[in-house]
Amino acid sequence: MERGFVVIGEGEDRKRIPVISSLLIGRSVDCDISIDDAAASRHHVEIFVKEGKFCWRDLGSTNGTLINGNLMTEGVLQDGDRIQIGETCLRFEAESVPEAPDGEDSTLFATLLDGQGKVLARSPEDAKSEQLLRAVYTIMNQIASNYDPCSLVDQVLETSMKAIAAQRAAVLFADPSTDELLPCPVCHSFHIIQDGRLRKVDRGGVRVSSTVAHRVLAMGESVLYQDTQSAGDISSAQSVVSMHVRSIMCVPLRAKQKILGLLYVDTDKPGHSYTRQDMLLTTAVGNSAGLALENARMHLQVIEKERTDQEIQHAWSIQEGFLVHEWPQDDSRYRVYGETKPAKVVGGDFYDFVQPDKDRVGVLIGDVSGKGVPAALTMAQLLATFRLCVLRETSPAAVLSLLNTSLYKRSRFGMFCTVCFAVLDLKTGAVVCANAGHHPPLRVGKGGAELLAEASGPPIGVLPDASWTDSQLTLTPGDTLLLYTDGVVEARGMHTRRGTSSVAADEFGVRNLSRVAQIFWKESPKEMISGVNQSVREFTAPALPHDDCTMIAVRYDG
């Protein structure tokens, strides 16, 4: 027989990984061989054993797989074959090992010698123990690398029932809170085997003794009834009597901290009785299967998390498309810049810039309640509505009213949004601003920094008939109007300790914001925002800000 290995690295860094039943190679950390190569897909190549041969297949990778320099998608590996993924080169090695006598697994085969070196004959008990150990080893080896819960259950049934010559068996999952017996969580059917034939059935197709099953779930121990006709409490159980069952084994599928379900085995054949060694084997299988099922569940969770992370990353890319990135540079009377740094991959903060005509510019900032994709979708909807509203209304307060009507009608989960919208007249420096529950903007100039335009009404989306008023203010040449979200001023520093007590962390606050912004009052809006962000990161270090940090600033140069 042959054993296969995948070799990676050279010299002291050389690793030789055996191919037992299958081997997954890719960039993801859940792969059997994880490679740090930008050209590798998360799950790139699988190597598996089929009919005694070592086969491979590309798992739909983006950049493909080279075998001995040739781009291929699948095939059979031979000793010395080179597998190339991007810049990473792996080598396949195969070596022959002698067959164990009578088909025995060489891992378990042993020769016993006496003090003079003579071979000792094995007793029947030794042979039986070795047979049991070999069966356990074979089953554990087969299920160890299976991450598909459905096929794993079938594999447990098929291999273990063959080892103990069982008539019929079933795997049942359990609800820890109710002890209810449940089907496979993947295919939603019950897996059973009878006389070597695997099947999937509904609840009516499963015949188990509820008395035995609930005892195992309650006690967490394996149970063996060699003769149900004289087994005391079980002999009168209605389920046993109606099924004419002669012998029963039931063992828990034990994970690290709980019982996932049961491996239930019985027979109705006269004279067929399971033994204590059968139960020892079945118990070992149950323990291994429970851990394997838990690993398979965690494997699926990792894959699902990766898929979700990819979708969120795509959502962020779409969200970025709604935000302004190209700022006007051809008007010497003003400069404008905005930036958002989400606390999560997808945030609820947003900003916008509009120029209704050549002598007026408007800046908007908002913060949608909540986080993640729902907040991002609401943000996208609000930005689209806002760009339509500014074409109809010149008053910022009127624009907020239109946004409020739209959000209130469409919101299904109580979403609301704080918003501040300011319009600057480039001929006079006059600013008209409406504030819906948002932090007041900051005017930064030579004379210092001051807050203006306090909120004149609630956030939009809260009340159907809410209204807001316009505030009037004036910028002088060199002044900058800075709009920001609460993630900036509410960023928290690390907790400190005084003696034996813990002192709550301070917030960055409006005072720090004003101080830092004043330092950059002569600079461009982009440099001012970069300076504030840097100060916030230093304030919260080594942690990151817990909320989205968004700012937009317009500098009036007259």
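In this chain, residues are counted from 1 in sequence order.
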Exercise. So Leu181 and Leu217, side-chain contact (heavy atoms from CB on, under 4.5 Å) or not? Walk me through it.
Worked result: CA-CA 10 Å; Leu181 299 177; Leu217 288 176; 3.9 Å; yes
Problem set entry | Test item: Val49 and Phe54 side chains (from C-beta on) under 4.5 Å apart, heavy atoms | yes
Exercise. With a 3.5 Å cut-off and no angle check, do the side chains of His439 and Asp486 form a donor-acceptor pair?
Worked result: no
Exercise. Is there a donor-acceptor contact under 3.5 Å from the side chain of Tyr264 to the main chain of Ser209?
Worked result: yes
Seminar exercise, completed: Heavy-atom closest pair (Met415 atom, Ser369 atom, distance to 0.1 Å) is SD-O, 3.2 Å
Exercise. Can you tell if the side chain of Cys150 reaches within under 4.5 Å of the side chain of His191, non-hydrogen atoms only?
Worked result: yes
For this session: Could you walk me through whether Phe350 and Thr378 pass the side-chain contact (heavy atoms from CB on, under 4.5 Å) test, one step at a time?
Result: CA-CA 10 Å; Phe350 60 93; Thr378 302; over 6 Å; no
For this session: Before accepting this row, confirm whether a basic side-chain N of the pair Arg168/Asp268 lies closer than 4.0 Å to the acidic partner's carboxylate O.
Result: yes
Problem set entry | Rounded distance [0.5 Å steps], OG1 in Thr88 versus CD1 in Ile25 | 10.5 Å
Exercise. How far apart are the closest heavy atoms of Leu24 and Cys31, and which atoms are they?
Worked result: O-CB, 3.5 Å
For this session: For Gly461 and Asn404, work out which heavy atoms get closest and say how close.
Result: N-OD1, 2.7 Å
Exercise. Are the side chains of Trp56 and Ile67 in touch, meaning some heavy atoms are under 4.5 Å apart?
Worked result: yes
Exercise. Just wondering, do Leu23 and Val6 contact through their side chains at under 4.5 Å, heavy atoms?
Worked result: yes
Problem set entry | Close side-chain approach of Ile83 and Leu77, heavy atoms under 4.5 Å | yes
Exercise. Between Thr540 (side chain) and Arg492 (backbone), is there a donor-acceptor pair under 3.5 Å?
Worked result: no
Exercise. Would you say Gln155's side chain and Leu157's backbone share a donor-acceptor pair under 3.5 angstrom?
Worked result: no
For this session: Could you tell me the separation between the OG atom of Ser151 and the CG atom of Leu198, rounded to the nearest 0.5 Å?
Result: 11.0 Å
For this session: Could you tell me whether a side-chain N or O of Arg254 sits under 3.5 Å from a main-chain N or O of Gly220, the two making a donor and an acceptor?
Result: yes
Exercise. Looking at Glu93 and Arg16, does any basic side-chain N land under 4.0 Å from a carboxylate oxygen?
Worked result: yes
For this session: Verify side-chain contact (heavy atoms from CB on, under 4.5 Å) between Ile35 and His44, making sure each step is shown before the conclusion.
Result: CA-CA 10 Å; Ile35 56 177; His44 198 106; 5.9 Å; no
Exercise. Side chains of Thr485 and Asp367: do they bring a donor and an acceptor to under 3.5 Å?
Worked result: no
Problem set entry | Heavy-atom check, side chain of Leu383 versus side chain of Leu323, under 4.5 Å | yes
For this session: Could you grab the distance from atom OG1 of Thr267 to atom CE of Met249, nearest 0.5 Å is fine?
Result: 10.0 Å
Exercise. Can you list the steps and then say if Thr340 with Asp349 is a side chain to side chain donor-acceptor pair (under 3.5 Å)?
Worked result: CA-CA 7 Å; Thr340 183; Asp349 283 9; 4.9 Å; no
Exercise. About how many Å separate OG1 of Thr283 and CZ of Arg276, when rounded to the nearest 0.5 Å?
Worked result: 9.0 Å
Exercise. For the atom pair CG (Asn287) and OG (Ser222), what is the distance rounded to the nearest 0.5 Å?
Worked result: 7.0 Å
For this session: Would you please test Ile192 and Arg199 for side-chain contact (heavy atoms from CB on, under 4.5 Å) and show each step?
Result: CA-CA 5 Å; Ile192 67 171; Arg199 289 189 297 150; 3.3 Å; yes
For this session: Specify whether Phe539 and Phe508 have parallel, tilted or perpendicular ring planes, treating 30° as the upper limit for parallel and 60° as the lower limit for perpendicular.
Result: perpendicular
For this session: Please check if the side chain of Asp266 supplies one atom and the backbone of Ser247 the other of a donor-acceptor pair under 3.5 Å.
Result: no
Exercise. Should we count CE of Met72 as having more than 12 external heavy atoms under 6.0 Å?
Worked result: yes
Seminar exercise, completed: Heavy-atom nearest pair, Cys250 first then Ala213, reads SG-CA, 4.4 Å
Problem set entry | Shortest non-hydrogen contact between Thr62 and Ser41, atoms and distance | N-OG, 3.1 Å
Exercise. Are Thr275 and Asp278 linked by a side-chain donor-acceptor pair shorter than 3.5 Å?
Worked result: yes
Exercise. So, Glu74 and Lys50, do they make that salt bridge, N to O below 4.0 Å?
Worked result: no
Exercise. Is the backbone N or O of His43 less than 3.5 Å from a side-chain atom of Ser28, with the two atoms forming a donor-acceptor pair by type?
Worked result: no
Problem set entry | Tyr274 side chain to Ile248 backbone, donor-acceptor under 3.5 Å | no
Exercise. Hey, are the side chains of Lys341 and Pro545 touching, using non-hydrogen atoms and a 4.5 Å cut-off?
Worked result: no
Problem set entry | Any donor-acceptor pair under 3.5 Å from Asn63 side chain to Ala39 backbone | yes
Problem set entry | Heavy-atom side-chain proximity of Gln167 to Asp195 below 4.5 angstrom | yes
For this session: Look at atom CG of Asp36 and say whether more than 12 heavy atoms of other residues, nucleotides or ligands are closer to it than 6.0 Å.
Result: no
Seminar exercise, completed: One should read off an interatomic distance between Tyr408 OH and Leu463 CG, to the nearest 0.5 angstrom, of 7.5 Å
For this session: Give a yes or no answer on whether the side chain of Ser61 reaches the backbone of Asp58 with a donor-acceptor pair at less than 3.5 Å.
Result: no
Exercise. Hey, does the side chain of Asp506 reach the backbone of Gly493 with a donor-acceptor pair shorter than 3.5 angstrom?
Worked result: no
Exercise. So which heavy atom on Thr418 is nearest to which on Gly437, and how close?
Worked result: CG2-O, 3.2 Å
